[in-house]
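Reminder, nothing fancy here: chain letters follow the sequence lines and each chain counts from 1. These figures come from a predicted structure and were not determined experimentally.
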Number of protein chains: 2
Amino acid sequence: MSSHQDDPTLDPQEQFTSLMRGLGTRTILHQQNVAASLGLYNNDFISLDILRETGPITAGELSKKTGLATGSITSLVDRLEKIGYVRRQNDPNDRRRVIIVPEYESKEEIRNTYEPLHKAMLNLASSYTPEELALISQFIGNASTVLEEQIQHLSSTTRSKSSKTTR
Amino acid sequence: MSSHQDDPTLDPQEQFTSLMRGLGTRTILHQQNVAASLGLYNNDFISLDILRETGPITAGELSKKTGLATGSITSLVDRLEKIGYVRRQNDPNDRRRVIIVPEYESKEEIRNTYEPLHKAMLNLASSYTPEELALISQFIGNASTVLEEQIQHLSSTTRSKSSKTTR
DNA sequence: ACTAATATCTCGACCTTCAAGATATTTTCT
DNA sequence: AGAAAATATCTTGAAGGTCGAGATATTAGT
């Protein structure tokens, strides 16, 4: 993987999408590596990441966001609770619900594992002027929004085609 | 996930890393959705993506790049070969080796599934001036390099700590 | 030739994931 | 208020991917 698809023969826009795809592939591989080095399963780690971003949410919401079945969430939360990364909290207003509260602020392991990437990204950021960084940040936000819309679209269309043939 | 961590109280650099992390989370969730909508397992789809980028590689190289055990690669390639996404080719110079050749150019399904994202990304690209897009593209390439280095670092340090306690 | 190194495959064990049903709680309707 | 429907999570058993170790085949080194 020496060249990151920076094929100069492509027109700028196609080159851009190609680069974005390469970034996506590496993002996924990196995430899998981080999860493995922490001794976590991928979905467990992704769930922690979602919880970090959203704060405490119910088991059902986590099921929707991850796309996992509710039964899978139960055992996933069991695992995370056992190692102290989250805890279950009852909702006083609706006693059916279980709120999952992230508890890994104290856990240094996750922060330590992410620290090298964080530093490297800060270092990358510092190589740009404030104006450039503002543009890049604005772009990342837009790209996130695009992805979020795509996820919505995909998960809605997938649910309708229940007549899967092979596999 | 209404706000993409665009917390204005953070300093610009921390805001940037926060945005990058959000982009990563969404990238992973999107990838899982795409794989599911194609009826593929995550690692199968990731492997296709790697093959698309690298071209034909051996089973061992794919094992290294994905981090999967060689035994897993065997069944993974079995699955992909059965549905016609790849084929096995013998290396005439070294008859132990098995080269995995991507065959999904003809398969429209993958392209169709990625088409909406591709279009949306092209649309996003067109909202920037050529100079801005050049800066963004250059940044994405740098970010990819950073991630690649992190993956290298993680996979080398993980292999050494074979004394995993729990799980 | 013989040994070591390399590359892939086979096999059994483990464990996540899923789907469906069970349980508990809340909401709606009469 | 009381019953039925809807909601939220958990339990259970089956299915199947992943891993690790050993097996097999091939190549490289002495």
### Task
May I ask you to say what Leu76(B) touches in the nucleic acid, namely base, sugar-phosphate or nothing, with a heavy-atom cut-off under 4.0 Å?
nothing
### Nearest-Å distance for atom pair CD/P, residues Glu61(A) and dT7(D)
15 Å
Write down the protein N/O and nucleotide N/O pairs, taken from nucleotides 22-26 of chain D, whose separation is under 3.5 Å; answer none if there are no such pairs.
{"residue": "dT26(D)", "atom": "O2", "partner": "Arg96(B)", "partner atom": "NH1", "Å": "3.4"}

### Message
Need one value for Gly71(A): base, sugar-phosphate or nothing, where a base atom within 4.0 Å counts as base even if backbone is also close, heavy atoms only.
### Response
base
### Query
NA contact type, Thr58(B), heavy-atom cut-off 4.0 Å: base, sugar-phosphate, or nothing?
sugar-phosphate
### Minimum-distance nucleotide to Val98(B) side chain [options: dC9(C), dT9(D), dT17(C)]
dC9(C)
### Task
Provide, to the nearest angstrom, the distance between the OH atom belonging to Tyr41(A) and the C1' atom belonging to dT17(C).
12 Å
### Task
Using the test side-chain contact (heavy atoms from CB on, under 4.5 Å), find all partners of Asn43(B) that sit at least two apart in sequence or belong to another chain.
Gln32(A), Ile46(B), Leu68(B), Leu76(B)
#### Entry: Of the listed nucleotides dT17(C), dT11(D), dT18(D), the one nearest the side chain of Ser75(A)
dT17(C)
## Note on the structure
With sequence neighbours left out, the residues meeting side-chain contact (heavy atoms from CB on, under 4.5 Å) with Asp94(A) are Asp91(A), Arg96(A), Arg97(A)
Contacts table for residues 77-85 of chain B: side-chain donor-acceptor under 3.5 angstrom, sequence neighbours left out:
{"residue": "Asp78(B)", "atom": "OD1", "partner": "Arg88(B)", "partner atom": "NH1", "Å": "3.0"}
{"residue": "Asp78(B)", "atom": "OD1", "partner": "Arg88(B)", "partner atom": "NH2", "Å": "3.0"}
{"residue": "Arg79(B)", "atom": "NE", "partner": "Asp44(B)", "partner atom": "OD2", "Å": "2.8"}
{"residue": "Arg79(B)", "atom": "NH2", "partner": "Asp44(B)", "partner atom": "OD1", "Å": "2.8"}
{"residue": "Glu81(B)", "atom": "OE1", "partner": "Arg88(B)", "partner atom": "NH1", "Å": "2.7"}
{"residue": "Glu81(B)", "atom": "OE2", "partner": "Arg88(B)", "partner atom": "N", "Å": "3.0"}
{"residue": "Tyr85(B)", "atom": "OH", "partner": "Glu109(B)", "partner atom": "OE1", "Å": "3.0"}

#### Entry: Contacts of type side-chain contact (heavy atoms from CB on, under 4.5 Å), residue Ser63(A), not counting sequence neighbours
Thr70(A), Ile73(A)
### Within residues 127-146 of chain A or reaching into it, pairs that qualify as salt bridge (Lys or Arg N to Asp or Glu O under 4.0 Å) - sequence neighbours excluded
none
### Task
Counting heavy atoms from C-beta on, name the nucleotide in dT9(D), dC19(D), dT8(C) closest to the side chain of Ala69(B).
dC19(D)
### Query
Hey, does Leu68(A) reach any base, or is it just sugar-phosphate, or nothing, if we go heavy atoms under 4.0 Å?
sugar-phosphate
### Message
Output the rounded distance in Å from CG (Asn43(B)) to P (dC19(D)).
### Response
8 Å
